[in-house]
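Below is one structure, written out as C-alpha cells; the observations come after it.
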Amino acid sequence: MPFGKPKEPKAPKEKKPKKPKPPKKEKPPKKPRPPKKVKPTKKPKKGAPPQGEGEEGQEGEQPQKKKLPLLLFIIVPVVVAALAAALVFFVILPRFGGPKDPEPVATEEPQPPELPEELKVGEVSVPGMALEADESGALAELAKTVTYTYTNLVDAGKAAQTYTNQLRTADPAFSLVDEEFVRVLDDPDFSTRSGMVLLARTLPKPEPEAEESSAPTEEPKEGESEPPEDSAEPTATPEATEPPEPVDEGPDLLITVRITWSEGQCVVTADEEEGVITSPPPEPPAYSIGIREAESQIRSMTPAELGLSGASIEDYEIFSEDIVETVDDMAYIKLNLYDAKPPYAFAGSYLMAVDGKRLYRLDATTGELVELDFTLNIGGSEEEAEPSAPPESSAPETAAPESGSPE
C-alpha cells in the first residue's frame, strides 16, 4: 500500500488570450516590363517562302526547326551496309555454291610395304624379305640376270672358247674385259680344266624424242602450175634460238656375259650393269710405225672392217695429216678417207696408234672414238702406200676436220 499523503490534483491553467496580429502592409504594384525587341527578319533564300506567312504565333516570332544530330547520318548507312553484307553472305552465296569450308583430310599412318612373300629358286621356295612400316616405300624389282648351265660337255674349255669367239664377232660385238671393264688384249688359256672369261658391250641409250616437224607443203595437182616465186621480197632471217637445255641421259649401261667353265660344264650368266668400257694404259712401244705404215694398214683392210660401204678399198683415197693426235697418252696418226670418184665426198677419219696396236674410227657426228678390230699388216711396197694426189679441179669441197674435232 502507498506510504504517505496522497497528492492533491492541480487546478488547470487558464489559457492566455492571443494578441491580435497587426495587418499586413500592402505591397506596391509591380512596374510593367518593357516590350521585347523584335529582331529584324532575315532575307529568305531563293525558292523558299517568306517567313512569317501562314504561321501562327505572336507577331515577329519565327518557329525554329529541329536539327537531327550528325551521328545519325553516319550510323544509318553503316547499319544498311552491314545488313546487305549479311544478306549476301548467308542467303545468296549458299544458293549459288559459294565458298565452302575445306573438308578435313584424314592422315594415313605408314603401312608395311607389299613385297613378295616367297622367292622361287628352281623348285625350291625361299622366304622373301619382310620389312616394317618405317620402310613403307621399299620395292622389290626382279633382277635382269639370266643364268644357264650347260652340262655333259666333252671339252668345256673348247666350248667356252667357241662361245667367246661367237660373241666377239656378233653385231654389235662384245669385248674381252676384266672386272673393272678394262679391255683385255690377250685371250685366256681355254685349255685349262677350269677358268672364267668376261665379255661386255655398251648398251645404246634411248634416242631423244624428235620435235614435231612443220607441216609439209602441198604439192600442186596435175595440170596446175606452181605459183611463181616472188624474188623481190627478201627472205626473212631466222631468229636466234637459245641452245636447248642439257638432258639427263641416265647412267652408262653395259651388257655383260660371264663364262665359267669346269670339267664337263659351262655356266653362262648374262646381266646388265653400270659402267664404261675403257682401254688399258699404253705400254712403251716396242717399235713405232710412220705415216706410210699407217696408210698401208688401212689399204690392207676391207671397207666393211672400216665401217664403210663398197666392195674394195680402192674405191677410196687416203690422205694423212701432219698433226699427231694424242689419246690416252699415246700418239696416233690421223688418216682421212674420201671417195675416189667425183664428187670426192668425205668418207671418214681414222686414228692409227704409232705402236700399231689400236685403230679408231672418229664419229664425225658425235666426235666419239670407236675402236676397230684388226690384224696388223704393214707390209707392202712403197708404191701401194704412196697416196695419189687428187686432181686440182676435183678436190673435195668439204675440208678435212681439224685435229680432235668432228667435221
ask   = How close do Leu254 and Gly275 get, heavy atom to heavy atom, and via which atoms?
value = CG-O, 3.4 Å
request  = For side chain to side chain contact (heavy atoms under 4.5 Å, CB included), just list the numbers for Val324 and Tyr332, CA-CA rounded to whole Å, side-chain angles, deciding distance to a tenth of an Å, and then say yes or no.
outcome  = CA-CA 6 Å; Val324 178; Tyr332 285 79; 5.6 Å; no
inquiry  = Looking at Asp363 and Gly367, would you say the former's side chain and the latter's main chain have a donor-acceptor pair under 3.5 Å?
reply    = no
ask   = Is it true that Glu179 and Arg258 make a salt bridge, defined as a side-chain N closer than 4.0 Å to a carboxylate O?
value = yes
inquiry  = Keeping Thr302 on the side-chain end and Glu305 on the backbone end, is there a donor-acceptor pair under 3.5 Å?
reply    = yes
inquiry  = Does Leu142 have more than 12 heavy atoms from other residues, nucleotides or ligands lying within 6.0 Å of its CG?
reply    = no
remark   = When rounded to the nearest 0.5 Å, the distance separating OG of Ser125 from CG of Leu119 is 8.5 Å
query = Does some side-chain heavy atom of Ile333 sit less than 4.5 Å from a side-chain heavy atom of Val354?
reply = yes
query = Does Ala173 have any side chain to side chain contact (heavy atoms under 4.5 Å, CB included) partners at least two apart in sequence or in another chain, and if so, which?
reply = none
note = To the nearest 0.5 Å, atom NZ of Lys205 lies from atom OG1 of Thr202 at 10.0 Å
key: Minimal non-hydrogen separation, Ser309 against Pro303, with atom names   = O-CB, 3.7 Å
query = Rounded to the nearest 0.5 Å, how far does CD1 of Ile255 lie from CD of Glu273?
reply = 11.0 Å
inquiry  = If you apply the rule side chain to side chain contact (heavy atoms under 4.5 Å, CB included), what do you find for Leu351 with Leu359, and how did you get there?
reply    = CA-CA 6 Å; Leu351 298 178; Leu359 176 63; 5.9 Å; no
remark   = Contacts of Phe374 meeting ring-ring contact (aromatic ring centres under 6.0 Å, His included) (sequence neighbours excluded), chain-then-number -> none
query = So how far is it from Leu308 CG to Met301 CE, rounded to the nearest 0.5 Å?
reply = 9.5 Å
task = May I ask you to check whether Thr256 and Asp271 show a side-chain donor-acceptor distance below 3.5 Å?
result = no
ask   = Taking all non-hydrogen atoms of both residues, which atom of Ala200 and which atom of Val177 are closest, and how far apart?
value = CB-CG2, 3.9 Å
query = Tell me the salt bridge (charged side-chain N to carboxylate O under 4.0 Å, His left out) pairs involving residues 129-143, sequence neighbours left out?
reply = none
request  = May I ask you to test the Leu198-Val257 pair for a side-chain heavy-atom distance under 4.5 Å?
outcome  = no
message = Whether the side chain of Asp355 engages the backbone of Lys357 through a donor-acceptor N/O pair (distance < 3.5 Å, no angle test) should be reported.
response = yes
query = Looking only at heavy atoms, what is the nearest atom pair of Gln265 and Ala156, with distance?
reply = O-CB, 3.5 Å
ask   = Do the non-hydrogen side-chain atoms of Leu203 and Asp252 ever get within less than 4.5 Å of each other?
value = no
query = Can you check whether Lys341's main-chain N or O pairs, donor with acceptor, with Asp339's side chain at less than 3.5 Å?
reply = no
query = Is there side-chain contact between Val184 and Val182, with at least one heavy-atom pair below 4.5 Å?
reply = no
query = Side chains of Leu369 and Arg361: closer than 4.5 Å at any heavy-atom pair?
reply = no
key: Glu274 side chain reached by Pro251 side chain, heavy atoms, under 4.5 Å   = yes
ask   = Taking the six-membered ring where the residue is Trp, are the ring centres of Trp261 and Tyr150 under 6.0 Å apart?
value = no
key: From Ile318 atom CD1 to Ile313 atom CD1, the distance as rounded to the nearest 0.5 Å   = 5.5 Å
key: Close side-chain approach of Tyr338 to Tyr316, heavy-atom, < 4.5 Å   = no
request  = Applying ring-ring contact (aromatic ring centres under 6.0 Å, His included), name anything that partners Phe174, two or more places apart in sequence or on another chain.
outcome  = none
Which atom of Ile291 lies closest to which atom of Glu321, heavy atoms considered = CD1-O, 4.4 Å
request  = State the CE-OH distance between Met352 and Tyr360, to the nearest 0.5 angstrom.
outcome  = 11.5 Å
request  = Let me see the working for Leu337 and Ile298 under side chain to side chain contact (heavy atoms under 4.5 Å, CB included), right down to the final yes or no.
outcome  = CA-CA 10 Å; Leu337 271 66; Ile298 296 295; 4.2 Å; yes
Distance-only check: which donor-acceptor pairs under 3.5 Å involve side-chain atoms of residues 158-166, not counting sequence neighbours?
from, atom 1, to, atom 2, distance (Å)
Thr162, OG1, Lys158, O, 3.0
Thr164, OG1, Ala160, O, 2.8
Asn165, ND2, Gln161, O, 3.3

key: Modelled atom types, side-chain donor and acceptor of Ser320 and Glu295, under 3.5 Å   = yes
request  = Scan side-chain atoms only and decide if Gln297 and Asn377 contain a donor-acceptor pair under the 3.5 Å cut-off.
outcome  = no
query = Going through the distances and angles, do Thr151 and Thr149 end up as a side chain to side chain contact (heavy atoms under 4.5 Å, CB included)?
reply = CA-CA 6 Å; Thr151 58; Thr149 302; 3.8 Å; yes
query = With the threshold set at 4.0 Å, does a side-chain nitrogen-carboxylate oxygen contact exist between Asp187 and Arg168?
reply = yes
ask   = Can you tell me if CE on Met196 sees more than 12 non-hydrogen neighbours from other groups inside 6.0 Å?
value = yes
ask   = Are the side chains of Ile259 and Leu199 in touch, meaning some heavy atoms are under 4.5 Å apart?
value = yes
ask   = Taking Tyr350 for the side chain and Leu306 for the main chain, is one N or O donor matched with an acceptor at less than 3.5 Å?
value = yes
query = salt bridge (charged side-chain N to carboxylate O under 4.0 Å, His left out) with Glu371: which residues, sequence neighbours excluded?
reply = Arg183
query = Do you know the tightest heavy-atom contact between Ile74 and Val78?
reply = O-CG2, 3.3 Å
